[in-house]
Student: 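Next up is a structure, given as structure tokens.
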Amino acid sequence: MTWRVPAGLPALPGLTDAPTAVCPRPSPQTFRDVLAHLPAGVSVITTDGPHGPAGMTASAVCSLSMDPPLVLVCVANRSRTLARLLDHGTFAVNVLRQDQADIAMAFADPDTGQHNRFAGVSHRREADGALVLDDALAWLSCAVQETYPGGDHTIVTGRVQDLAHAHSRPLIWYSRRFHSLA
């Protein structure tokens, strides 16, 4: 990869349009090791539909737009939740509290069936059909707005239909372990 000043942008002092560095492609393991040092909130993405509820643990969630209110969620293409989410057209982002690592693990385990993921978790269906975990720190009910290919993931943008939050501390994923804020 060669770094260049993008065409059409003014050059910054000290930068030229000539290549300044050649970067080798990182190995997948090095890439994972470096990104493990990026702290992220932990959420469970949930949906429902004719085949029943589905959900997955996610850390690739962020706000996208204030007007209209949009969020961005990245879902692995091989995820069983992705097809149901796209089929249903509605999903919820459930931000987990610091004491909900067990919920994060249950929704992350590929060997746990979708119905079993919801068995021990109190949840409700919102008016728009999104499934919301009752004890989540915060939640956003969303309608699928757009999808975009993103390598081995699909980027899903959702238009926020409803939302709420409680007062607690979030569950954080950092260096391949769960943490809480002090």
Student: Which is it for Val156 and Val144 under the side chain to side chain contact (heavy atoms under 4.5 Å, CB included) test, yes or no, and what are the steps along the way?
Tutor: CA-CA 7 Å; Val156 179; Val144 173; 4.2 Å; yes

Student: Test Ile45 against Val61 for side chain to side chain contact (heavy atoms under 4.5 Å, CB included), laying out the working first.
Tutor: CA-CA 9 Å; Ile45 310 304; Val61 176; 4.1 Å; yes

Student: Is Leu163 linked to Val42 within one hydrophobic cluster, defined over Ile, Leu, Val, Met, Phe, Trp and Tyr using a side-chain heavy-atom separation of less than 4.5 Å?
Tutor: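 Hydrophobic grouping puts Leu163 apart from Val42.
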
Student: I need the single residue from Val95, Leu96, Leu171 that forms a side-chain contact (heavy atoms from CB on, under 4.5 Å) with Leu137. Which is it?
Tutor: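 Exactly one candidate clears the test, Val95.
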
Student: Measuring from atom CG of Leu140 to atom CG of Leu70, what distance do you get when rounded to the nearest 0.5 angstrom?
Tutor: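 That separation rounds to 11.5 Å.
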
Student: Counting distance only, does the side-chain N/O of Ser141 pair as donor-acceptor with the main-chain N or O of Ala92 below 3.5 Å?
Tutor: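 Such a contact is absent between Ser141 side chain and Ala92 backbone.
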
Student: Are Thr154 and Tyr148 close enough that some pair of their side-chain heavy atoms sits under 4.5 Å apart?
Tutor: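 When only atoms from C-beta onward are counted, Tyr148 and Thr154 do not touch, as no gap falls below 4.5 Å.
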
Student: Under 4.0 Å between a side-chain nitrogen and a carboxylate oxygen: does that hold for Asp128 and Arg159?
Tutor: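 The answer is no: the pair does not qualify as a salt bridge.
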
Student: Taking atom CG of Leu133 and atom NE2 of His123, what is their separation to the nearest 0.5 Å?
Tutor: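 Rounded to the nearest 0.5 Å, the CG-NE2 separation comes out at 8.0 Å.
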
Student: Quick one: closest heavy-atom pair of Met56 and Ser79, and the distance?
Tutor: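 Here Met56 and Ser79 meet closest at SD-OG, 3.8 Å.
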
Student: Please answer: with hydrophobic residues joined when any side-chain heavy atoms are less than 4.5 Å apart, are Trp173 and Val93 in the same cluster?
Tutor: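 Trp173 and Val93: separate clusters.
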
Student: Quick check against the 3.5 Å criterion: does Thr47 have a side-chain atom that pairs as donor or acceptor with the backbone of Phe91?
Tutor: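 Judged by distance alone, no pair lies under 3.5 Å.
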
Student: Which pair of non-hydrogen atoms, one from Ile155 and one from Pro149, has the smallest distance, and what is that distance?
Tutor: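 Shortest heavy-atom contact: CD1-O, 4.2 Å.
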
Student: Check whether any side-chain heavy atom of Pro170 lies under 4.5 Å from a side-chain heavy atom of Ile172, and answer yes or no.
Tutor: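 SC-SC contact between Pro170 and Ile172 confirmed.
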
Student: Donor-acceptor pair, distance only, cut-off 3.5 Å: does the side chain of Arg80 make one with the backbone of Pro110?
Tutor: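 Yes: the side chain of Arg80 pairs with the backbone of Pro110.
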
Student: So which atom in Leu131 and which in Pro53 form the shortest heavy-atom distance, rounded to 0.1 Å?
Tutor: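 That closest heavy-atom pairing would be CD1-CB, 3.4 Å.
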
Student: Minimum heavy-atom separation for Val71 and Cys142, please, with both atom names.
Tutor: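 Where Val71 meets Cys142 most closely, the heavy atoms are CG2-SG, 3.7 Å.
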
Student: If Ile, Leu, Val, Met, Phe, Trp and Tyr residues are connected whenever their side-chain heavy atoms lie under 4.5 Å apart, and connections chain through other members, are Val73 and Leu64 in the same group?
Tutor: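 Different clusters: Val73 never reaches Leu64 through Ile, Leu, Val, Met, Phe, Trp or Tyr contacts under 4.5 Å.
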
Student: Just how far is it from atom CD of Gln98 to atom NE2 of His179, taken to the nearest 0.5 Å?
Tutor: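 Gln98 atom CD to His179 atom NE2 measures 13.0 Å (nearest 0.5 Å).
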
Student: Ring of Trp139, cation from Arg97 - is the NZ or CZ under 6.0 Å from the centre and inside 45° of the axis?
Tutor: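 No, Arg97 does not lie over the aromatic ring of Trp139.
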
Student: Atom OG1 of Thr81 and atom CZ of Arg117: how far apart are they, to the nearest 0.5 Å?
Tutor: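 Reported value, rounded in 0.5 Å steps: 5.5 Å.
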
Student: Would you say the side-chain atoms of His153 pair up with the backbone N or O of Gly151, donor to acceptor, closer than 3.5 Å?
Tutor: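 It does not hold such a pair.
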
Student: One pair to check against side chain to side chain contact (heavy atoms under 4.5 Å, CB included): Thr112 and Phe107. What are the steps and the verdict?
Tutor: CA-CA 8 Å; Thr112 302; Phe107 279 85; over 6 Å; no

Student: For His165 and Ala138, work out which heavy atoms get closest and say how close.
Tutor: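 What the structure gives for the nearest pair is CB-CB, 3.7 Å.
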
Student: Run the side chain to side chain contact (heavy atoms under 4.5 Å, CB included) check on Val132 and Thr46 step by step: do they pass?
Tutor: CA-CA 7 Å; Val132 172; Thr46 55; 5.9 Å; no

Student: Do the side chains of Arg176 and Asp33 get nearer than 4.5 Å, heavy atoms only?
Tutor: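 They are in contact (side-chain heavy atoms under 4.5 Å apart), so the answer is yes.
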
Student: Sequence neighbours excluded, which residues qualify as side-chain contact (heavy atoms from CB on, under 4.5 Å) partners of Arg78?
Tutor: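 Partners of Arg78 by the side-chain contact (heavy atoms from CB on, under 4.5 Å) criterion, ordered by chain and then number, come out as Ala76.
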
Student: Rounded at 0.5 Å granularity, tell me how far CD1 in Ile103 sits from OG in Ser122.
Tutor: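 It is 9.5 Å, given to the nearest 0.5 Å.
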
Student: Work out which heavy atom in Phe118 is nearest to a heavy atom in Gly55; give both atom names and the distance.
Tutor: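 The pair with the smallest heavy-atom distance is CE1-N, 3.9 Å.
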
Student: Rounded to the nearest 0.5 Å, what separation is found between the OG atom of Ser168 and the CD atom of Gln100?
Tutor: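 If we round to the nearest 0.5 Å, Ser168:OG and Gln100:CD are 8.0 Å apart.
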
Student: Quick check: is Leu72 connected to Val44 through a chain of hydrophobic side chains (ILVMFWY, heavy atoms under 4.5 Å apart)?
Tutor: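 Hydrophobic grouping puts Val44 apart from Leu72.
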
